[in-house]
Undergrad: 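Below you will find the structure I want to go over with you.
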Amino acid sequence: MLLTDRLSFKNLAILFLSLFILGILALQAGVTFWFVCPPYCPPALWPFVDYPMYSEPRYEGSEFEQHFVFGILEDSTEVPLRPEDLNLHFWLFRRGLVFAMLRNDTTQIQAYVDLYQKLHHKRLVGLRLENHPLILSREGMTPGPTRILRTFQLASREEKK
Amino acid sequence: MGLLHYWTTYWFRSSPLMDLACCRIIIVGYQLYYLLKSDFLTLFSKLTTLPETLYDPLPILHLLIWPVGWRYFPSLEVLTAIHWTTVIAGFCAVVGFMTNGSLFLFAVGNVFMQAFIYSFGDFHHPEALMMIALSALALSPAGRVLSLDDIWSRLQFREKSKKFQASYILEEKSILARWPLLLVQWLFALIYLSAALSKLDKAGLDWMNGYTMQYYSFQDGLRWNIPLGIWLGQQHYIAWFLSWVAILFESTFFLVLLFP
């Protein structure tokens, strides 16, 4: 009886674990071969994700973007807005504020503006996003021309490009 | 029946418990080190000050917080409690005290914390495989040897039977000892394949033009202040060679499953 119980527990364990293994492999294979979601899946199925990092090709003359955000205070002073000024790390700052400015997402931008004003007790009346690129060559990187990508007037919530 | 037999033999062949126990100690030990080194508490204190409009829980986090609310925003106190509970569970799992329970708590705690961190519009990949591996370990007999649980059960046996039973933990085996390690191997193979496919899909052979490797080496070198990366960003022909090494490694790694 004990032996029978042990055998059926063992079989049950194998069945359950087999389903677990199949589920894990199916989900990971699904995102790897893009059955489950389109290429470069968003993190909806995290921790089952695809790995498209570093996949974009680069060529001679490709730009390495370096984004800088500047805020304009009420007295027209310009202040750099760095990740640490918003209590963020590099990626959260880049994928949060910088990307919001690039896609003109005024709601998200305002959330970061409110955060800055709360942390520093200073009112921002404008924001500017600049790119200070580096240009790729065989020998490495050389500075390229600085470009202003976006400017925002916050008082009137109007966006200029 | 042939397929079933093959499946059972492949995943559930009798294998040394020692291998699984060593992996438990290494994997959990590493994740514990990562938890303590990465200063999660400082990161939580920053994230909990962000406006709730920026909070977009990952689906897995929704599932974990569902009992208290679909968009529940945990406070710093709650996150701190989860963090320390997870750390304690990790220590218990490493030494093998109530091993499966500790592993389960450790896995859930890590998934919760990492999913919370990734619920603000930014996410990365390094922790994903670790989360799955911890979950697999929690379902395995990873604490059967090299654990306080094992010592305790031997002492209890000696107490009841009034005799000492020598055993060699190196020889102890189980049909449930092999599958977690195999599963991790399979996941590595799929992950490397995903990386290779993404590169070839987006860039084709252009990915191996040398400039791509230069660019990304420089990017990471600048970002993480790694002089080697910045140096490699200026070495076109070395970058060209390394890019071929990288793509060949990623696209053929799955062969370890066929030729272990």
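Each chain gets a letter, A, B and so on, in the order the sequences are listed, and its residues count up from 1. All values derive from a computational prediction rather than experimental measurement.
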Undergrad: Which answer fits Phe16(A), side chain, backbone, both or neither, if we ask what part of it has an atom under 4.5 Å from a heavy atom of chain B?
TA: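 Interface part for Phe16(A): side chain.
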Undergrad: Find out whether Leu129(A) and Phe68(A) are in side-chain contact, i.e. whether some heavy atom of one side chain is under 4.5 Å from a heavy atom of the other.
TA: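 Not in contact.
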Undergrad: Between chain B and each of Met141(A), Lys118(A), Gln108(A), Gln28(A), count heavy-atom pairs under 4.5 Å; write down the option with the most.
TA: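 Winner by heavy-atom pair count: Met141(A).
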Undergrad: Which answer fits Leu47(B), side chain, backbone, both or neither, if we ask what part of it has an atom under 4.5 Å from a heavy atom of chain A?
TA: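 The side chain, not the backbone.
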Undergrad: Could you check Trp91(A), Tyr51(A), Phe90(A) and say which one makes a ring pair (Phe, Tyr, Trp, His ring centres under 6.0 Å) with His124(B)?
TA: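 So, applying the ring pair (Phe, Tyr, Trp, His ring centres under 6.0 Å) to His124(B) and each of Trp91(A), Tyr51(A), Phe90(A), only Trp91(A) qualifies.
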Undergrad: Ignoring hydrogens and geometry, is there a side-chain-to-backbone donor-acceptor pair from Glu130(A) to Thr146(A) under 3.5 Å?
TA: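 Side chain of Glu130(A) to backbone of Thr146(A): no pair is present.
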Undergrad: May I ask you to name which of Leu200(B), Asn209(B), Ile191(B) has the most heavy-atom pairs under 4.5 Å with chain A?
TA: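 Among Leu200(B), Asn209(B), Ile191(B), the one with the most close pairs to chain A is Ile191(B).
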Undergrad: Any side-chain heavy atom of Phe218(B) within less than 4.5 Å of one from Leu232(B)?
TA: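 Side chain of Phe218(B) against side chain of Leu232(B), heavy atoms only: no contact under 4.5 Å found.
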Undergrad: Pick one of side chain, backbone, both or neither for Glu139(A), based on which atoms fall under 4.5 Å of a heavy atom in chain B.
TA: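 Only the backbone of Glu139(A) comes within 4.5 Å of chain B.
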Undergrad: Tell me whether the count of non-hydrogen atoms from other residues, nucleotides or ligands lying under 6.0 Å of CZ in Phe20(A) goes above 12.
TA: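 Enclosed.
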Undergrad: If you count heavy atoms of other groups shown closer than 6.0 angstrom to CH2 of Trp7(B), is the number above 12?
TA: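 More than 12 heavy atoms, drawn from other residues, nucleotides or ligands, come within 6.0 Å of this atom.
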Undergrad: Using heavy atoms and a sub-4.5 Å threshold, report which of residues 80-88 of chain A line up against chain B, by residue number.
TA: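 Expected list: Asn87(A), Leu88(A).
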Undergrad: For a quick check under 3.5 Å, do Glu127(B) and Tyr118(B) share a side-chain donor-acceptor pair by atom type?
TA: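 Yes - a donor-acceptor pair under 3.5 Å links their side chains.
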Undergrad: Heavy atoms, side chains only, cut-off 4.5 Å: are Trp46(A) and Ile60(B) in contact?
TA: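 Yes; the side chains approach each other to less than 4.5 Å.
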Undergrad: Select one option (side chain, backbone, both, neither) describing which atoms of Ile175(B) are under 4.5 Å from chain A's heavy atoms.
TA: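 Just its side chain gets close to chain A.
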Undergrad: Looking at Arg123(A) and Glu74(A), would you say the former's side chain and the latter's main chain have a donor-acceptor pair under 3.5 Å?
TA: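 Absent.
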Undergrad: Can you tell which of Leu19(A), Ile24(A), Leu25(A) makes a side chain to side chain contact (heavy atoms under 4.5 Å, CB included) with Ile21(A)?
TA: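 Of the listed residues Leu19(A), Ile24(A), Leu25(A), the side chain to side chain contact (heavy atoms under 4.5 Å, CB included) partner of Ile21(A) is Leu25(A).
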Undergrad: Kindly confirm or rule out a cation-pi arrangement of Arg178(B) over Tyr10(B), judged by NZ or CZ under 6.0 Å from the six-membered ring centre and within 45° of its axis?
TA: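 Yes, cation above the ring, under 6.0 Å and within 45°.
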Undergrad: Name the region of Leu136(A), side chain, backbone, both or neither, that has any atom closer than 4.5 Å to a heavy atom of chain B.
TA: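 Only the side chain of Leu136(A) comes within 4.5 Å of chain B.
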Undergrad: Where on Tyr215(B) is there a heavy atom nearer than 4.5 Å to chain A: the side chain, the backbone, both, or neither?
TA: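 It is both, since atoms from each part get that close.
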Undergrad: Considering only heavy atoms, which portion of Ser18(A) lies under 4.5 Å from any heavy atom of chain B: side chain, backbone, both, or neither?
TA: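 For Ser18(A), heavy atoms of backbone and side chain both lie under 4.5 Å from chain B.
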Undergrad: Between Ile14(A) and chain B, with a heavy-atom cut-off of 4.5 Å, which part of the residue counts as in contact: side chain, backbone, both or neither?
TA: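 Looking at Ile14(A), backbone and side chain both touch chain B.
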Undergrad: For Tyr237(B), which atoms come within 4.5 Å of any heavy atom of chain A: side chain, backbone, both, or neither?
TA: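 When you check distances to chain A, only side chain atoms of Tyr237(B) fall under 4.5 Å.
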Undergrad: Quiz question: by atom type and distance under 3.5 Å, do the side chains of Gln66(A) and Asn131(A) form a donor-acceptor pair?
TA: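 No - no donor-acceptor pair under 3.5 Å links their side chains.
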Undergrad: Quick check for you: among His89(A), Arg94(A), Met53(A), Glu60(A), which has the greatest number of heavy-atom pairs under 4.5 Å with chain B?
TA: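 Most heavy-atom pairs within the cutoff with chain B belong to Glu60(A).
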Undergrad: Please state whether the side chain, the backbone, both or neither of Leu61(B) comes within less than 4.5 Å of a heavy atom of chain A.
TA: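 Contact with chain A involves no heavy atom of Leu61(B) at all.
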Undergrad: With a cut-off of 6.0 Å (strictly less than), are more than 12 heavy atoms of other residues, nucleotides or ligands near CG of Leu205(B)?
TA: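 No.
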Undergrad: So for Leu134(A), is it side chain, backbone, both, or neither that comes closer than 4.5 Å to the heavy atoms of chain B?
TA: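 For Leu134(A), the contact with chain B is made by the side chain alone.
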Undergrad: Backbone N or O of Asp50(A) within a donor-acceptor pair of the His125(B) side chain at under 3.5 Å?
TA: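 Here the side-chain-to-backbone pair exists.
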Undergrad: Who among Lys199(B), Arg223(B), Gln114(B), Gln235(B) has the most heavy-atom pairs with chain A under 4.5 Å?
TA: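 Top count of heavy-atom pairs under 4.5 Å with chain A: Arg223(B).
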Undergrad: Would you mind checking which part of Ala196(B) comes under 4.5 Å of any heavy atom in chain A, side chain (CB onward), backbone (N, CA, C, O), both or neither?
TA: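 Contact with chain A involves no heavy atom of Ala196(B) at all.
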Undergrad: Give the member of Arg138(A), Glu56(A), Arg95(A) that has the highest number of heavy-atom pairs under 4.5 Å with chain B.
TA: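 Going by pairs under 4.5 Å, I would pick Arg138(A).
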Undergrad: Taking Thr8(B), Thr42(B), Asp220(B), Thr49(B) one by one, which has the highest count of heavy-atom pairs under 4.5 Å against chain A?
TA: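 Sorted descending by pairs with chain A, the first entry is Asp220(B).
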Undergrad: Measuring from Leu176(B):CG to Ser15(B):OG, what's the distance to the nearest 0.5 Å?
TA: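 Spacing of CG (Leu176(B)) from OG (Ser15(B)) equals 10.0 Å.
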